[in-house]
Amino acid sequence: MSKRRRLVLVAAAVVVLAGAAGAFVLWPRGTTAVSEQEALDDFRSRTEETRSASASDAVRSDGPAALPAPGVYTYSASGQEEVKLGPLPADARPLPATVTAVVVDAGDGCFELTVNLFAEHTEDTRYCADPSGGLTLDGHTKHQRIGALSPVATLSCDPGTLIEPGLDTVALSCDLSLDGGPASINATLAGTATRGASDELSIGDQTVEVTPLTVTYEVSGDLTGTWTETLWLTETFLPAKIERSLDLSGPATFVEHSELTLLDLSPST
């Protein structure tokens, strides 16, 4: 065999091995449920970090807003998501039978809700309430792991009012950015938040009054599609039920159809 041919074969082998190594690193690897103990550890760690700030900011000058009790809640879950980044294969990931959610007092009339769909997909949403009954979306962050990649999607809204007393529907204008994937992605979300008539839900052995709030976004930019989510909120703005239908495509694809229902109104701490 000639020296030139040997060099060509070596170079080809290197390319194949590099491709195989890249595929191994980036290939989707399934999901792992977040246990209640793991959620409790997260809650206790975050509560300790924010205890001082929460104690000083929890009550506003115009009176306290009703907020959900801090702790770990459990929801029954059904549905699945499908994620795809760039040339990687799509990964269909079913939700476990139950998922945990952590509520932390963020101070100044706000709280943060972390929903652990699974270890590879958690979401932090910061809500701010006021004594008049209004509610604002103060930020939303999705943390995902797909193979060796850990894309983070951040949603910021202005205005971000979800509930305004006296109005059934309010407009939302939001920007979405995604980093940590094959490329940075930006999109614009134009939406509405519509409050429905009060209803009742059975949670465990209790019946609780809830207000359905449906948020609908039209997405444009690097990603296009729709995102619709309905929250059945208790009087403290805790979601007693969450239904989501999301279908976004572009350099990344995110499809999700899920339903979460609260199992107990009392959190673990």
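One-based numbering along the sequence shown. The model shown is predicted, which means the values in this text are computed figures rather than measured ones.
Contact check for Leu201 versus Leu262: no side-chain heavy atoms found under the 4.5 Å cut-off. Inter-residue side-chain proximity for Tyr73 and Asp264 is flagged as unmet; no heavy-atom pair is nearer than 4.5 Å. When side chains are defined from C-beta on, Leu223 counts as touching Ile185, because their heavy atoms get closer than 4.5 Å. Inter-residue side-chain proximity for Asp179 and Val152 is flagged as unmet; no heavy-atom pair is nearer than 4.5 Å. You'll find the side chain of Tyr75 reaches within 4.5 Å of the side chain of Pro239, heavy atoms only. Annotation: side chain of Lys142 is not in contact with side chain of Phe254 (no heavy-atom distance under 4.5 Å). Contact annotation: the side chain of Lys241 never approaches that of Val210 to less than 4.5 Å [non-hydrogen atoms, C-beta and beyond]. The shortest distance between side-chain heavy atoms of Leu95 and Leu260 falls below 4.5 Å.
Separating the OH atom in Tyr217 from the OG atom in Ser173 is a distance of 10.0 Å, to the nearest 0.5 Å. Atoms CG and OG1, from Leu248 and Thr224 in turn, are 8.0 Å apart once rounded to the nearest 0.5 Å. Rounding to the nearest 0.5 Å places CD of Glu164 at 9.0 Å from OG1 of Thr136. Rounded to the nearest 0.5 angstrom, Glu123 CD and Gln144 CD are separated by 7.5 Å. The CG atom of Leu246 sits 8.5 Å away from atom OG of Ser258, with the distance rounded to the nearest 0.5 Å. For the atom pair CD (Glu218) and OG1 (Thr228), the distance works out to 8.0 Å, reported to the nearest 0.5 Å.
The heavy-atom pair separating Gly196 from Thr211 by the smallest distance is O-CG2, 3.8 Å. The nearest pair of heavy atoms linking Leu67 to Cys110 is CD1-O, 3.9 Å. Among all heavy-atom pairs drawn from Phe111 and Thr236, the shortest one is CE2-O, 4.4 Å. Residues Pro212 and Ala197 approach most closely at CD-O, 3.1 Å, considering heavy atoms. Residues Pro70 and Thr269 come closest through the heavy atom pair O-CG2, 3.6 Å. Taking all atoms of both residues into account, the shortest heavy-atom contact from Gly133 to Phe237 is O-CZ, 3.7 Å.
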Exercise for the section: Give the intermediate values and the outcome of side-chain contact (heavy atoms from CB on, under 4.5 Å) for residues Tyr127 and Leu233. Expected result: CA-CA 12 Å; Tyr127 296 103; Leu233 300 173; over 6 Å; no

Problem - Candidate pair Thr192 and Thr216, rule side-chain hydrogen bond (donor to acceptor under 3.5 Å, both in side chains), full reasoning - result: CA-CA 6 Å; Thr192 58; Thr216 301; 4.9 Å; no

Practice task
Evaluate the side-chain contact (heavy atoms from CB on, under 4.5 Å) criterion for residues Thr214 and Thr230: first the C-alpha distance (whole Å), next the side-chain angles of each, then the deciding distance (0.1 Å), finally the verdict.
Solution key: CA-CA 4 Å; Thr214 299; Thr230 300; 3.0 Å; yes

Exercise for the section: Apply side-chain contact (heavy atoms from CB on, under 4.5 Å) to Glu38 and Asn116, showing your working. Expected result: CA-CA 10 Å; Glu38 289 171 322; Asn116 301 308; over 6 Å; no

Exercise for the section: Run the numbers on Phe43 and Val104 for side-chain contact (heavy atoms from CB on, under 4.5 Å), then give the verdict. Expected result: CA-CA 7 Å; Phe43 165 70; Val104 175; 4.1 Å; yes

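A distance-only check finds no donor-acceptor pair linking the side chain of Glu120 to the backbone of Ile146 [under 3.5 Å].
When the side-chain contact (heavy atoms from CB on, under 4.5 Å) test is applied to Thr253, the partners found at least two apart in sequence or on another chain are Lys84, Ser249, Val255. Scanning for side-chain contact (heavy atoms from CB on, under 4.5 Å) contacts around Ser76 gives Thr261, Leu263, with sequence neighbours left out.
One hydrophobic cluster, built from ILVMFWY side chains closer than 4.5 Å, cannot hold both Val34 and Leu113; they sit in different ones.
With a 4.5 Å cut-off between side-chain heavy atoms of Ile, Leu, Val, Met, Phe, Trp and Tyr, the cluster of Leu167 takes in Val170.
Of the residues listed (Ile163, Thr161, Asp130), the one engaging Leu135 in a side chain to side chain contact (heavy atoms under 4.5 Å, CB included) is Ile163, and it is the only one. Exactly one residue among Asp138, Asp108, Asp105 makes a salt bridge (Lys or Arg N to Asp or Glu O under 4.0 Å) with Arg126. That residue is Asp138.
Enclosure of atom CD in Glu235 is not indicated, since only 12 or fewer non-hydrogen atoms of other residues, nucleotides or ligands lie within 6.0 angstrom.
Side-chain polar atoms of Thr114 and Asp124 form a donor-acceptor pair below 3.5 angstrom. Side-chain contact, Asn186 with Ser177: no donor N or O sits under 3.5 Å from an acceptor N or O.
Under a 4.0 Å N-O distance rule, the pair Arg244/Glu229 qualifies as a salt bridge.
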